[in-house]
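To find a chain, count down the sequence lines: A is the first, B the second, and so on, and within it residues start at 1. Just the heavy atoms: all of them, side chains too, but no hydrogens, waters or symmetry mates, feed the values below.
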There are 2 protein chains.
Amino acid sequence: MDDQAKVFENFLKKRSLKLTRTRRLILEAVFRNHDHFDVDTLYDQIKTRHQNVSRATIYRTLPLLVQAGLLKQSLRCQDKDHYEHIYGHERHLHFLCTRCGNIIEIESGGIEKIIRVMAEEKDFKIMEYNIVMRGICANCRTGGE
Amino acid sequence: MDDQAKVFENFLKKRSLKLTRTRRLILEAVFRNHDHFDVDTLYDQIKTRHQNVSRATIYRTLPLLVQAGLLKQSLRCQDKDHYEHIYGHERHLHFLCTRCGNIIEIESGGIEKIIRVMAEEKDFKIMEYNIVMRGICANCRTGGE
DNA sequence: CAAAATTTGATAATGATTCTCAATAAAAAT
DNA sequence: ATTTTTATTGAGAATCATTATCAAATTTTG
Ligand SMILES: [Mn+2]
Ligand SMILES: [Mn+2]
Ligand SMILES: [Zn+2]
Ligand SMILES: [Zn+2]
């Protein structure tokens, strides 16, 4: 059992939930994606390998993974929530090209620190934050059709 | 005619659209709100004063105001988009208390600059950005029931 | 193995947003 | 001012992502 599965199992145990076969399948599919995905993409991927995982169960399981700190709902795009796994990944933020739809990741750099200070000042306990920038990427701006 | 209306009119003219009575009503309602609102709230407010502005028209008009640079869709909360007018306002970011739902605004501080530099590096032309932090506010953390 | 507790899949329901289209209003032309 | 053209509106239907329901299946416990 890999790390993520252990984390998930612990998380589940704490709330007397079970690490079932289906939940494991979903977990694996989530960690097979190394970029941002939406629920339907995941559903199709899972369906291709092992049939019979209901969309409902995916919708139920993703929030668990988020609470377990393994997954993040990082952006909303085309009216859908998009997720990415975060276990063992650096925090980063996203540029979203509004022309081609590409997502470019950027290391959080100095922002992290600033945010922490701001939160401190307002006596606000941050659980998570999200930074999304929209614009036109270099490719689209130059030639890119 | 106030400033916002002029800006909006110019924007509309450029695309041979018309500043109609209904659009003006919506514009006014938008600038009567000095905090974050969703479509339905706006709809109710407008309905209270002047009857007969269709939800459809509001949904059509808000994107125009956004494109005109008068309005911003700043956050998503309870599955609804939330807007705020930005004409003549400082850029700021938002803390969202996940317990009480309160929104706390923070001046952008040093973040603005950092973001600009990052965009430069990646040769990305930013049109807009959004920063939302989620956590528990001071009030909720101490006594606050 | 039987009983208790949790989970799942199928599908219906919800709700925000978008679409359609005939009726209306605004601007341009005569 | 009247007509013609063009853009807009309201009402309601349609879409579509997400949730809720519930009986059947799985997992855990004793
Ligand atoms: Mn990412
Ligand atoms: Mn604000
Ligand atoms: Zn692009
Ligand atoms: Zn609070």
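- The base of D:dG12 has none of its N or O atoms less than 3.5 Å from a complementary donor or acceptor on the side chain of B:Arg55.
- Nearest to the side-chain atoms of A:Tyr59 among the listed nucleotides C:dT17, D:dT18, D:dA11 stands D:dT18.
- With C:dG9, D:dA11, D:dT18 as the choices, the nucleotide that has an atom nearest any side-chain atom of A:Thr57 turns out to be C:dG9.
- No N or O donor and acceptor, one from the side chain of A:Lys18 and one from the base of D:dT26, sit under 3.5 Å apart.
- If you check D:dG10, D:dT18, C:dA10 against the side chain of A:Arg76, the one that comes closest is D:dT18.
- Here C:dC19 is the nucleotide among C:dC19, C:dT8, D:dT9 with the atom lying nearest to any side-chain atom of B:Ala56.
- The side chain of A:Ser16 lies closest to C:dT6 when the candidates are C:dT6, C:dT20, C:dT8.
- In this structure, B:Glu9 atom CD and C:dA26 atom P are separated by 14 Å, rounded to whole Å.
- Residue B:Leu17 contributes atom CG, which lies 14 Å from atom C1' of D:dT9 at whole-angstrom precision.
- Between the side chain of A:Arg21 and the base of C:dT6, no donor-acceptor pair of N or O atoms lies under 3.5 Å.
- Residue contacts shown for B:Asp38 are absent, as no nucleic acid heavy atom lies under 4.0 Å away.
- A donor-acceptor contact shorter than 3.5 Å is absent between the side chain of B:Arg55 and the backbone of B:Asp40.
- Between B:Lys13 atom NZ and C:dA26 atom P there is a gap of 15 Å when expressed in whole angstrom units.
- A donor-acceptor contact under 3.5 Å is not formed by the side chain of A:Arg23 with the base of D:dT26.
- Whole-Å rounding puts the A:Arg15 CZ to C:dT7 C1' distance at 17 Å.
- Among the nucleotides D:dT18, D:dG10, C:dG9, the one closest to the side chain of B:Val53 is D:dG10.
- Residue-level contact check: B:Asp40 touches neither bases nor backbone, having no heavy atom under 4.0 Å from any strand.
- In this model, the phosphate group of C:dT6 is not approached by any side-chain N or O of A:Thr20 to a distance below 4.0 Å at OP1 or OP2.
- Atom CZ in A:Arg60 sits about 13 Å away from atom C1' in D:dT26, given to the nearest Å.
- Place B:Asp79 and B:Asn52 on DNA chain D by their nearest nucleotides, and B:Asn52 ends up nearer the 5' end.
- In this structure, A:His89 and A:His34 have tilted ring planes: the angle between them lies in the 30° to 60° band.
- Salt-bridge annotation for A:Glu112 and A:Arg116: present, with a side-chain N of the basic residue lying under 4.0 Å from a carboxylate O of the acidic one.
- In this structure, the side chain of B:Arg141 engages the main chain of B:Ile136 through a donor-acceptor pair within 3.5 Å.
- Nucleotide D:dG10 holds its C1' atom 14 Å from the CD1 atom of B:Ile46, rounded to whole Å.
- A ring-ring contact (aromatic ring centres under 6.0 Å, His included) with A:His85 is found for exactly one of A:Phe8, A:Phe31, A:Phe37, namely A:Phe31.
- Distance, B:Gln73 CD to C:dA16 P: 15 Å, rounded to whole Å.
- Regarding B:Tyr43, its OH atom lies at a distance of 13 Å from the C1' atom of D:dT9, rounded to whole Å.
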